[in-house]
Amino acid sequence: MTSVGAPLLEGSDNERSQTRIATATAVRTAPPVGRVPRNRSISESAASHSPLPSSSSITNLADRQRRPFHYAPDASDDDDSSLMTSANTSSVDHNMAIRYRLFNRLDPGGNSLRMPDHVVPAEFFSILPFSDFTDDSGKQNSIVTIFSIWNTMMGTSLLAMPWALYQAGLGLGLFLMLAVAALALYTAYRIVESPQGLGLTSDAGLPDFPDVCRYFWGRSGELFAVVFSIVVLLGGVIVYWVLMSNFLYYTGTVFYNAMQENSTEVPVMVNKTWTCDVYCLEGVDVQPLVKSDNSSTFEKLWKLQGTVPFYLAVIAFPLLNFKSPTFFTKFNMLGTISVVYLLGFVLSKVFECGINLDFSAAGPGKLHHVELASWRFPALTGTLALSYFIHNAVLNILRNQKNPSNNARDLTIGYCLAAFCYVFVGFGFYAAFPTFKSCISDNFLNNFGSGDVLSAMARLFLLFQMFTVLPLLMYLIRAQLSYSIVGLVYPGFGWVCLINAVVMSISILFAVFFPHVGSILRYVGSFSGLIYLFALPSAVHLKRLQMKGELTRTQLIVHGIIVLLGVLNLLAQFALV
């Protein structure tokens with residue numbers, strides 16, 4: 001994700017004329033700052049707007065240190081932060097102007113958003129209304145931090161986890177779920193500690209990971225991190241589009257069937273039989289038949305891999321062009337509710353169907369036969385690389401942590417909760433599935449007809465929840481992409497519509513011609529995971545050790561193996577049939 005810097009503020013005396021960094025919850029007195037071209041210094045651009053101090057006066061501040069992300073009033077000012085080195089002053093000054101411009105546009109009055117160092121406010125990742133669970137200084141306790149980490153990792157891959165577990169085999173699959181979680185936790189922690197000792201951090205907040213990459217490898221390193229962050233987001237939008245098309249199709253089918261005379265597929269609790277009833281979709285069309293005299297006409301207008309993705313575009317496109325996505329963050333709690341509902345849904349199926357596992361030596365043709373291990377396991381590792389992906393957001397989530405010393409503990413607990421949910425859904429549904437395990441769909445809701453009340457409720461609820469998340473994902477893509485190309489977070493309504501139309505067109509093509517959620521997840525996860533989950537955290541850690549003179553051969557071997565695992569995980573995806 002792109003990084004944006006701290007604000008430039010103008011005061012009435014010499015104290016307020018200094019440049020400072022901001023954790024304050026709002027900035028109300030700062031004048032707007034115009035666009036800063038990449039080849040101009042901050043002093044050149046700022047001079048045309050306000051009488052700010054020159055670049056030389058800023059770099060010569062020996063008694064007034066620059067503290068990242070915190071603008072402190074005179075009364076509370078202190079001198080306990082570290083001074084940025086002169087080698088990094090230019091890039092930091094540039095980021096400071098970009099940071100101010102972004103939040104001046106997102107919140108002109110300064111009444112809603114704090115001004116962090118990142119393009120994404122921490123509220124985007126909060127499970128609850130953010131301001132209600134912070135103290136007077138804007139800090140959050142460990143409970144909020146832990147569940148924000150957990151909530152960010154809980155995504156669409158939850159629906160594909162039983163399928164991915166089947167691909168790897170029960171025994172090997174459960175082991176890999178925990179092993180990949182441990183590896184992702186380790187590399188995420190390396191990202192959390194990456195800004196330490198670089199002059200990019202203070203006790204007021206953390207910079208973003210692309211800032212760290214820029215520190216070590218310049219502008220190219222920052223762009224490299226940003227590009228693969230966009231790839232993850234693009235993959236998320238594609239999966240969302242495929243699933244939303246699926247949910248919209250099934251929900252529309254339910255309403256259509258409900259209007260038919262003597263319909264028996266109306267999903268209401270009075271029709272619930274509480275029996276184990278699933279569909280085996282192996283080798284058949286996933287679209288259920290619409291039972292009516294006019295089915296041919298309806299099917300021509302309501303096709304899962306034809307018209308429905310375009311209908312979805314008509315509904316969703318107006319929501320994607322808002323200048324600020326702040327309104328949609330009010331629905332963040334729906335993500336937590338949807339995860340809890342899916343856990344309850346799987347638990348109900350376990351009670352309905354029981355445990356259907358057969359560990360005998362009989363061949364795979366037996367009804368409840370269980371494979372303990374399979375050479376198709378890369379499908380699971382690729383999916384898990386995206387399931388446990390939080391690396392481009394972890395610094396932003398931890399920025400408001402009240403006690404930064406608890407970061408490692410809270411991150412570990414968050415990953416443990418995520419691993420538990422993935423194992424619970426994957427194993428629970430796999431164990432309860434009453435027919436051949438090969439019938440498990442990469443979206444396990446497809447194994448239930450449109451008339452199943454619990455699955456119908458899940459589709460309707462998830463459809464609404466995804467409608468609130470999709471604008472946030474699209475905002476993150478367009479903000480990073482437009483800033484990387486033209487240097488502006490909001491380049492104008494026309495450009496925003498164009499970017500959204502291109503991303504939406506790509507998503508529609510996948511929904512029509514390749515609507516395979518599991519395959520999309522594993523390809524995107526293995527490709528982006530190679531960079532963000534395996535390579536970049538290891539490279540940054542080794543670079544930090546080298547700077548401190550603590551780099552050893554053991555460290556090189558261990559982290560070289562981690563990168564090699566990422567490469568093999570990517571290559572193995574193309575070996576699967």
Side-chain angles (χ1 to χ4, degrees), residues 152-168 173 176-177 179-181 183-184 228-247 281 286 305 309 335 338-339 342 346 374 376-393 418-419 421-423 425-427 429-430 440-447 462 465-466 469-470 473 477 503 506-534 565-566 568-577:
T152 305
M153 275 187 283
M154 290 290 98
T156 54
S157 55
L158 199 64
L159 296 173
M161 203 52 61
W163 168 85
L165 179 61
Y166 161 74
Q167 299 298 318
L176 289 175
M177 283 185 177
V180 176
L183 181 58
F228 282 92
S229 177
I230 293 177
V231 169
V232 174
L233 296 171
L234 179 60
V237 170
I238 293 173
V239 172
Y240 263 52
W241 206 271
V242 173
L243 288 175
M244 290 172 71
S245 298
N246 180 287
F247 298 154
L281 303 176
V286 298
Q305 293 174 227
S338 65
V339 173
L342 288 177
V346 171
S374 170
R376 299 186 303 273
F377 72 87
L380 175 61
T381 57
T383 303
L384 291 174
L386 192 61
S387 301
Y388 292 121
F389 188 90
I390 196 179
H391 296 59
N392 62 348
C421 291
Y422 285 129
V423 169
V425 171
F427 174 77
F429 192 86
Y430 178 92
I440 297 177
S441 173
D442 58 2
N443 169 12
F444 67 74
L445 292 178
N446 285 342
N447 288 116
L462 288 173
Q465 188 255 338
M466 288 181 173
V469 176
L470 185 64
L473 294 177
I477 291 176
V503 175
I506 296 173
S507 303
I508 291 175
L509 290 176
F510 272 91
V512 172
F513 297 105
F514 194 75
H516 305 297
V517 174
S519 296
I520 297 172
L521 288 173
R522 65 185 179 90
Y523 281 119
V524 173
S526 60
F527 182 65
S528 300
L530 169 61
I531 304 301
Y532 244 105
L533 197 72
F534 298 97
L565 290 175
L568 294 176
N569 185 41
L570 174 61
L571 296 178
Q573 305 306 318
F574 299 94
L576 296 176
V577 178

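Positions are given from 1 along the sequence.
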Exercise. Answer yes or no: is there a side-chain heavy-atom contact under 4.5 Å between Leu342 and Leu462?
Key: yes
Practice problem: Please examine the side chains of Phe247 and Leu445, heavy atoms only from C-beta on, and report whether any two atoms are closer than 4.5 Å. | Solution: yes
Quiz prompt | With Phe527 via ring pair (Phe, Tyr, Trp, His ring centres under 6.0 Å) - residues at least two apart | solution = Phe228
Self-check item: Heavy-atom side-chain proximity of Ile477 to Val237 below 4.5 angstrom
Solution: yes
Practice problem: With rounding to the nearest 0.5 Å, note down the distance linking CG in Leu158 to CE in Met153. | Solution: 12.5 Å
Quiz item: Could you state the interatomic distance from CZ (Phe427) to CG (Leu165), rounded to the nearest 0.5 Å?
Solution: 8.5 Å
Quiz item: Shortest non-hydrogen contact from Gly566 to Leu530?
Solution: C-CD1, 3.4 Å
Quiz prompt | Shortest non-hydrogen contact from Met154 toward Cys421 | solution = SD-CB, 3.6 Å
Practice problem: Decide whether Tyr422 and Ser157 meet the rule of one side-chain donor and one side-chain acceptor closer than 3.5 Å. | Solution: yes
Practice problem: Nearest 0.5 Å please: distance from the OG atom of Ser526 over to the CG atom of Leu521. | Solution: 10.5 Å
Quiz item: Got Val503 and Leu234 here, is their nearest side-chain heavy-atom distance under 4.5 Å?
Solution: yes
Quiz item: Within the distance-only criterion (no hydrogens, no angle test), does the side chain of Tyr388 pair as donor or acceptor with the backbone N or O of Met177 below 3.5 angstrom?
Solution: yes
Quiz item: Would you say the side-chain atoms of Asn447 pair up with the backbone N or O of Ser441, donor to acceptor, closer than 3.5 Å?
Solution: yes
Quiz item: Which pair of heavy atoms, one from Ala168 and one from Gly173, lies closest together, and at what distance?
Solution: CB-CA, 3.8 Å
Quiz prompt | Minimum-distance pair of heavy atoms, taken over all atoms of Phe513 and Pro515 | solution = C-CD, 3.6 Å
Quiz item: Do Val239 and Phe510 come close enough that some side-chain heavy atom pair is under 4.5 Å?
Solution: no
Quiz item: Yes or no on side chain to side chain contact (heavy atoms under 4.5 Å, CB included) for Val232 and Tyr532, after CA distance, side-chain angles and deciding distance?
Solution: CA-CA 10 Å; Val232 174; Tyr532 244 105; 5.6 Å; no
Quiz item: Taking the side chain as C-beta and beyond, is there a heavy-atom pair between Leu176 and Phe377 under 4.5 Å?
Solution: yes
Quiz prompt | Side chain Ser528, main chain Gly525, donor-acceptor under 3.5 Å | solution = no
Quiz item: Roughly how far apart are Asn246 CG and Trp241 CH2, rounded to 0.5 Å?
Solution: 14.5 Å
Quiz prompt | Gap separating the CE atom of Met161 from the CZ atom of Phe444, nearest 0.5 angstrom | solution = 10.5 Å
Exercise. Quick one: sort the Phe389 and His391 rings into parallel, tilted or perpendicular, breaks at 30° and 60°.
Key: tilted
Self-check item: Exercise: identify the closest heavy-atom pair between Phe514 and Ile520
Solution: O-CD1, 3.6 Å
Quiz item: Is there a side-chain contact between Val242 and His516, using heavy atoms and a 4.5 Å cut-off?
Solution: no
Self-check item: OG1 on Thr381 to CZ on Arg376, rounded to 0.5 Å
Solution: 13.0 Å
Quiz item: Looking only at atom types and distance, does a side-chain atom of Asn443 sit under 3.5 Å from a main-chain N or O of Leu159, one as donor and one as acceptor?
Solution: no
